[in-house]
Amino acid sequence: MSQRMLSSVLRARPSVVLRRAATPVLTTPHRFSSSDSHSQETFEQFSERYVAFFQGAQDLFEVQRGLNNCFAHDLVPSPGVVEAALRAARRVNDYATAVRVFEGIREKVENKQQYQAYLDELKPVREELGVDTKEDLYTS
């Protein structure tokens, strides 16, 4: 039955069917991803973007989401980004997240000297905000 309908349609309006079939449809496949807009981002632009993000974060979910996104990149955040993240964590009154920022830094750096350099540079901010590291809290 369906073949009978198709043949009657072709007999009734063959020019329309042939015109549509003869017109090639050209599409260019394009992948969209969330990282396309940041693929050419410099380290300075990355730092500026995350400092601005943490300065505007108003709740714990935003701070933690920003930290997850920031630490997902294949680089260690600048001390300015870490400072903004610490201030954001304390602003939303979450001490545990502030401590975990330093745990994330410890995991991202290549050696203990780099981690110590971060601790030294951020010591005034840590003292101002009252944030200890995990090592300070759990000395054995």
Side-chain angles (χ1 to χ4, degrees):
M1 176 136 177
S2 63
Q3 201 168 42
R4 222 196 256 161
M5 289 176 70
L6 181 61
S7 63
S8 65
V9 169
L10 287 175
R11 272 186 272 137
R13 300 188 52 98
S15 61
V16 174
V17 174
L18 292 175
R19 232 182 294 139
R20 285 188 187 153
T23 307
V25 178
L26 300 176
T27 59
T28 305
H30 181 65
R31 279 183 56 196
F32 291 101
S33 82
S34 61
S35 64
D36 283 346
S37 63
H38 305 296
S39 62
Q40 300 299 321
E41 187 175 49
T42 65
F43 182 72
E44 290 76 21
Q45 291 169 331
F46 172 86
S47 296
E48 290 171 9
R49 180 167 58 101
Y50 276 101
V51 166
F53 177 84
F54 287 123
Q55 287 174 346
Q58 295 299 317
D59 63 3
L60 180 59
F61 176 79
E62 282 185 83
V63 173
Q64 290 177 340
R65 180 175 58 101
L67 286 169
N68 284 334
N69 292 338
C70 183
F71 281 102
H73 292 274
D74 191 23
L75 52 82
V76 183
S78 70
V81 172
V82 175
E83 180 180 347
L86 290 171
R87 291 187 186 281
R90 295 302 283 157
R91 184 175 54 249
V92 299
N93 199 25
D94 191 46
Y95 183 78
T97 298
V99 173
R100 300 252 341 169
V101 168
F102 287 104
E103 290 182 58
I105 293 294
R106 190 182 65 226
E107 292 298 319
K108 292 292 279 187
V109 296
E110 294 179 359
N111 54 48
K112 290 181 180 182
Q113 291 81 15
Q114 288 178 344
Y115 179 60
Q116 189 59 47
Y118 270 88
L119 291 178
D120 293 343
E121 186 163 343
L122 294 167
K123 186 173 184 173
V125 176
R126 286 181 36 227
E127 290 175 351
E128 175 189 342
L129 299 175
V131 177
D132 293 322
T133 62
K134 184 178 175 183
E135 297 85 9
D136 294 338
L137 293 172
Y138 301 106
T139 56
S140 46

Engineer: Suppose the criterion is ring pair (Phe, Tyr, Trp, His ring centres under 6.0 Å): which pairs have a residue in residues 49-69, not counting sequence neighbours?
Structural biologist: Phe46-Tyr50
Engineer: For Tyr118, does its backbone N or O pair with a side-chain atom of Glu121 as donor and acceptor, under 3.5 Å?
Structural biologist: no
Engineer: For a quick test of reading the model, state the closest non-hydrogen atom pair linking Arg90 to Ala98 and the distance between them.
Structural biologist: CD-CB, 4.1 Å
Engineer: How far apart are the closest heavy atoms of Thr133 and Leu119, and which atoms are they?
Structural biologist: CG2-CD2, 3.6 Å
Engineer: Please collect all side chain to side chain donor-acceptor pair (under 3.5 Å) contacts where either partner lies in residues 58-69, sequence neighbours excluded, each pair once.
Structural biologist: Gln64-Thr97
Engineer: Are the side chains of Val82 and Leu122 in contact, using a 4.5 Å heavy-atom criterion?
Structural biologist: yes
Engineer: Tabulate below the donor-acceptor pairs under 3.5 Å that side-chain atoms of residues 100-109 make, not counting sequence neighbours, or state none.
Structural biologist:
{"from": "Arg106", "atom 1": "NH1", "to": "Glu135", "atom 2": "OE2", "distance (Å)": "2.5"}
{"from": "Lys108", "atom 1": "NZ", "to": "Phe71", "atom 2": "O", "distance (Å)": "3.1"}
{"from": "Lys108", "atom 1": "NZ", "to": "His73", "atom 2": "O", "distance (Å)": "2.5"}

Engineer: Go through the structure and list residues passing side-chain contact (heavy atoms from CB on, under 4.5 Å) with Ser47, not counting sequence neighbours.
Structural biologist: Phe43, Ser78, Val81
Engineer: Going by side-chain contact (heavy atoms from CB on, under 4.5 Å), name the residues that satisfy it together with Asp74, two or more places apart in sequence or in a different chain.
Structural biologist: none
Engineer: Between CG of Leu129 and CG of Leu86, what distance do you get to the nearest 0.5 Å?
Structural biologist: 6.5 Å
Engineer: Assess whether atom CG of Asp120 is packed by more than 12 heavy atoms of other residues, nucleotides or ligands within 6.0 Å.
Structural biologist: yes
Engineer: Please list, chain by chain and in numerical order, all residues satisfying side-chain contact (heavy atoms from CB on, under 4.5 Å) with Glu128, sequence neighbours excluded.
Structural biologist: Arg87
Engineer: Does the distance from a Lys or Arg side-chain N to an Asp or Glu carboxylate O, for Arg126 and Asp136, drop under 4.0 Å?
Structural biologist: yes
